[in-house]
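Just so we're clear, the structure is a prediction, and the values are computed from it rather than from any experiment. Labels below follow one simple rule: chain letters A, B, ... track the order of the sequence lines, proteins then strands, and each chain is numbered from 1.
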Amino acid sequence: MKLYEYLAKQMFAEHGVPTGNGILCTTPEEAEEAARKIGPCAIKAQVLVGGRGKAGGIKLANTPEEARERAREILGMNLKGYIVDKVLVDPQIKIEKEYYVSITLDGMAKKPLVMASEYGGVEIESVPHDKIVFEHIDIETGLLPFQAREIARKINLTGDLADQFVRILTGLYQAFRKYDAELVEINPLALTDGGTRLIAADGRFNVEDDALFRHPEFPRVEEGTELEKKVRAIGLAFVQLDGDIAVMANGAGMAMGTLDTLAYYGGRPANFLDAGGGSGVEPTAQAFDALLGTKPKAIFVNIFGGITRCDLVAEAIVQVKKAKGIDVPLVVRMVGTNDVRGREILAEAGIQAYTDMGEAAKAAVEAAYGKGA
Amino acid sequence: MAVIIDRNTRAIVQGITGSQGQFHTGQMLAFGTNIVGGVNFKKAGQQVQGVPVFATVHEAVEKTGANASVMFVPAPGVKDAAFEAIHAGIKVLVLIPEHVPTQETMEIMAYAKRHGVRVIGPNTFGIISPGEKCKLGIMPNHIYKPGPVGIVARSGTLSYEIAFNLSNAGLGQTTVIGMGGDRVIGTNFVDALELFNADPATEAIVMVGEIGGIQEELAAEYIKQHVRKPVVAYLAGKSAPPGKRMGHAGAIIEGNRGTYQSKVEALTAAGVKVAALPWEIVDLVREALK
């Protein structure tokens with residue numbers, strides 16, 4: 001889960017990383033008040049989408065009255081689908097140079113990875129590889145001061161600025177560990193005050209979803225479409241796509257393989273849905289119902305029961321059929337644990353089930369677009 | 001023959017008293033696995049499926065000589081349970097649970113490496129060796145047959161599909177390894193390829209991969225340099241849009257990394273035949289074994 005910039009900076013500040021000490025505001029009047037304390041400021045929309053500056057989500061103000069007006073313009077804006085309801089009023093700073101520093105989780109090395117560069121202020125992907133310093137951290141020992149000094153040297157920071165950088169990186173790593181982050185990033189890490197001070201001018205802080213149970217302090221920010229949020233709330237993995245054959249499969253790999261197989265036969269999948277390992281009748285029925293709500297041209301259910309019991313999936317489908325009716329063509333493929341019983345339950349409700357995945361996928365494409373599609 | 005586990009494996013179940021633990025202990029026993037005990041601190045002295053429950057892993061190891069553990073504890077308890085198992089001298093650790101925080105997985109892997117412990121998972125269906133009648137995991141028993149094919153997979157259900165098709169075609173398996181769908185895992189393609197390459201009973205290797213990460217690309221590099229047995233692959237996620245997490249934490253295309261195309265190209269360049277559809281693996285394996 002991504003944290004808003006203001007929260008990211010709050011986490012930084014807690015760990016001794018200097019930020020602009022901005023003030024979070026939800027009304028133009030609060031912004032005016034904040035600007036009185038801060039002086040010339042930047043009004044920054046608090047949304048979790050990139051490119052907010054270009055989209056008009058960041059504006060400068062030199063007086064409290066200007067701050068109020070700019071905040072009035074930004075609050076309520078629709079930035080790529082997100083309505084702005086908070087702005088951060090941050091002091092304007094004069095930036096001499098922009099650095100970059102981040103910590104991520106490197107899956108292959110199985111270690112946290114520090115990336116730093118003296119070419120910050122742009123997306124890190126656009127910085128040439130040889131201008132980035134990469135340093136893995138041993139998770140058992142943590143970030144050691146010598147590593148931080150070495151990184152400072154490699155990005156050409158010396159003297160007092162190097163000391164500042166070591167403190168910043170150390171604090172960043174502590175925050176990264178404490179809050180189970182999957183990414184912490186300061187970009188730009190701004191050199192300001194006439195080249196004497198480094199501060200985090202912007203920040204990203206992504207807490208790993210699987211660790212959120214330990215961090216109730218963060219407000220939940222759900223990303224995605226309304227439908228995605230609705231299905232995920234049931235506890236299932238779901239991604240909306242732009243096709244018209246709704247898909248339900250069990251297991252992430254099988255769900256992906258099902259989309260690919262439909263596409264292979266000329267079908268356009270409407271979604272990815274992992275109906276889960278061992279989900280009961282009720283969540284499965286809810287998920288199926290949500291798929292129906294998207295008005296697809298056909299629904300394709302592909303179940304290879306392992307931990308998932310075919311009879312329960314069949315019951316869920318029949319439950320929806322009885323309660324609401326299924327008014328689009330439905331193709332079911334069902335093998336694995338309790339599959340004979342599952343196919344019986346479906347047959348009793350007038351739904352024929354396939355055992356072969358390829359035949360079923362072809363049938364689903366034909367059901368959606370007619371024969372010879 | 002088999003890799004990692006065999007008929008001499010003496011396994012315990014951590015989290016044996018939960019509903020998943022109880023059910024799958026029964027299934028593993030039914031397959032023939034030598035489950036010698038379970039662990040639950042508060043329920044020591046009880047029995048589950050006729051298997052004694054011990055208070056700690058240390059106690060279980062002392063009394064049974066266990067050398068492997070399969071884990072069904074909830075995600076927040078996995079780190080503690082894994083450290084307990086490694087500390088008690090367990091040498092093969094199968095972590096079934098999903099949603100283990102990645103930083104904790106990293107800590108587990110570092111500790112396991114220091115103690116020479118083989119970890120499979122987390123977020124895995126486990127490992128099974130049909131000819132040795134040994135399985136540590138949650139896969140359906142009836143779809144596997146003994147035979148010459150080694151399978152290593154990131155996905156559970158998709159590997160069931162492929163194992164099922166292979167078995168129906170008379171192509172049984174030496175060992176099937178579930179790597180797990182998380183970003184940080186204990187045993188990856190390269191590790192499995194190394195093991196299968198050295199196993200005299202394995203005559204062909206099937207990789208079941210997916211989009212995201214660069215494990216398949218690294219595997220291709222390893223195959224080119226070291227593997228002298230035929231390898232075939234199926235990769236899921238060809239039609240997945242970039243930037244979306246497709247169910248598995250690791251299954252996301254970020255920038256130009258981890259795409260279907262880059263994986264197919266890397267594997268093909270290493271001489272691996274890549275199937276377009278899951279069941280085409282059968283013909284590719286048959287061809288390879290000629």
(request) Could you look at A/R177 and say if it's the side chain, the backbone, both or neither that has a heavy atom under 4.5 Å from chain B? (result) both
(request) Counting only heavy atoms closer than 4.5 Å, note whether A/F238 contacts chain B via side chain, backbone, both or neither. (result) neither
(message) Need one label for B/L218: side chain, backbone, both or neither, based on atoms under 4.5 Å from any heavy atom in chain A.
(response) side chain
(message) I'd like to know whether NZ of B/K145 has more than 12 heavy-atom contacts from other residues, nucleotides or ligands below 6.0 angstrom.
(response) yes
(request) Give a yes or no on whether a salt bridge exists between A/R333 and B/E161, defined as a side-chain N under 4.0 angstrom from a carboxylate O. (result) yes
(request) Against chain A, label B/L235 side chain, backbone, both or neither, depending on which of its atoms sit under 4.5 Å from a heavy atom there. (result) backbone
(message) A quick test of your reading: do over 12 heavy atoms of other residues, nucleotides or ligands sit less than 6.0 Å from CD of A/E123?
(response) no
(message) Nearest 0.5 angstrom please: A/T261 OG1 to B/W279 CH2, how far?
(response) 4.5 Å
(request) Could you tell me which of A/G358, A/G305, A/A361, A/A249 has the largest number of non-hydrogen atom pairs under 4.5 Å with chain B? (result) A/G358
(request) Heavy atoms only, distances under 4.5 angstrom: which of B/Q27, B/Q215, B/R183, B/M246 has the most pairs with chain A? Name it, please. (result) B/M246
(request) Answer yes or no: are there more than 12 heavy-atom neighbours, outside A/Y264 itself, under 6.0 Å from its atom OH? (result) no
(request) Would you mind checking which part of B/A110 comes under 4.5 Å of any heavy atom in chain A, side chain (CB onward), backbone (N, CA, C, O), both or neither? (result) both
(request) Return the option, out of B/S159, B/A236, B/P140, with the maximum number of heavy-atom pairs under 4.5 Å with chain A. (result) B/A236
(request) Would you mind checking which part of B/Y234 comes under 4.5 Å of any heavy atom in chain A, side chain (CB onward), backbone (N, CA, C, O), both or neither? (result) side chain
(request) May I have the step-by-step check of side chain to side chain contact (heavy atoms under 4.5 Å, CB included) for A/K110 and B/K113, ending in yes or no? (result) CA-CA 11 Å; A/K110 306 178 194 180; B/K113 192 176 175 192; over 6 Å; no
(request) Pick one of side chain, backbone, both or neither for B/M109, based on which atoms fall under 4.5 Å of a heavy atom in chain A. (result) side chain
(request) Below 4.5 Å from any heavy atom of chain B, which atoms of A/F213 appear? Answer side chain, backbone, both or neither. (result) side chain
(request) Could you grab the distance from atom CD1 of B/I108 to atom CD1 of A/I139, nearest 0.5 Å is fine? (result) 10.5 Å
(message) Minimum heavy-atom separation for B/P278 and A/M357, please, with both atom names.
(response) CG-CE, 4.0 Å
(request) Taking all heavy atoms of A/D260 and all of B/G237, pick out the closest pair and write down the distance. (result) OD2-N, 2.6 Å
(request) Please assess B/R245 against A/V239 for the test side chain to side chain contact (heavy atoms under 4.5 Å, CB included), listing each intermediate value before the final yes or no. (result) CA-CA 8 Å; B/R245 206 165 275 188; A/V239 177; 6.0 Å; no
(request) Against chain B, label A/L262 side chain, backbone, both or neither, depending on which of its atoms sit under 4.5 Å from a heavy atom there. (result) neither
(request) Tell me, for A/A255 versus chain B, whether the close heavy atoms (under 4.5 Å) come from the side chain, the backbone, both or neither. (result) neither
(request) Would you check if the side chain of B/T157 reaches a backbone N or O of A/N250 as a donor-acceptor pair within less than 3.5 Å? (result) yes
(message) If I measure from the heavy atoms of chain B, does A/E228 come under 4.5 Å with its side chain, its backbone, both, or neither?
(response) side chain
(message) If you count every heavy atom of other residues, nucleotides or ligands that lies below 6.0 Å from A/K131 atom NZ, does the total exceed 12?
(response) no
(message) If I measure from the heavy atoms of chain A, does B/E104 come under 4.5 Å with its side chain, its backbone, both, or neither?
(response) side chain
(message) Within a 6.0 Å radius of atom NE2 on B/H115, are there more than 12 heavy atoms belonging to other residues, nucleotides or ligands?
(response) yes
(message) If I measure from the heavy atoms of chain B, does A/A237 come under 4.5 Å with its side chain, its backbone, both, or neither?
(response) side chain
(request) Counting only heavy atoms closer than 4.5 Å, note whether B/V100 contacts chain A via side chain, backbone, both or neither. (result) backbone
(request) Check whether B/N188 gets within reach of chain A through its side chain, its backbone, both or neither, counting any heavy atom under 4.5 Å. (result) side chain
(message) Taking side chain as everything from C-beta outward and backbone as N, CA, C, O, which of these in A/D356 sits under 4.5 Å from a heavy atom of chain B? Side chain, backbone, both or neither.
(response) neither
(message) What part of B/K244 gets within 4.5 angstrom of chain A, counting heavy atoms only: side chain, backbone, both, or neither?
(response) side chain
(message) So for A/E125, is it side chain, backbone, both, or neither that comes closer than 4.5 Å to the heavy atoms of chain B?
(response) neither
(message) So, taking the atom named NZ in B/K238 and the one named CE in A/M256, what distance separates them when rounded to the nearest 0.5 Å?
(response) 15.0 Å
(request) Please examine the side chains of A/E182 and B/T102, heavy atoms only from C-beta on, and report whether any two atoms are closer than 4.5 Å. (result) no
(request) To the nearest 0.5 Å, tell me how far A/F304 CZ sits from B/I162 CD1. (result) 10.5 Å
(request) Can you tell which part of B/E107 gets under 4.5 Å to a heavy atom of chain A, answering side chain, backbone, both or neither? (result) both
(request) Scan B/H99, B/Q103, B/E98 and name whichever one has a side chain to side chain contact (heavy atoms under 4.5 Å, CB included) with A/D210. (result) B/H99
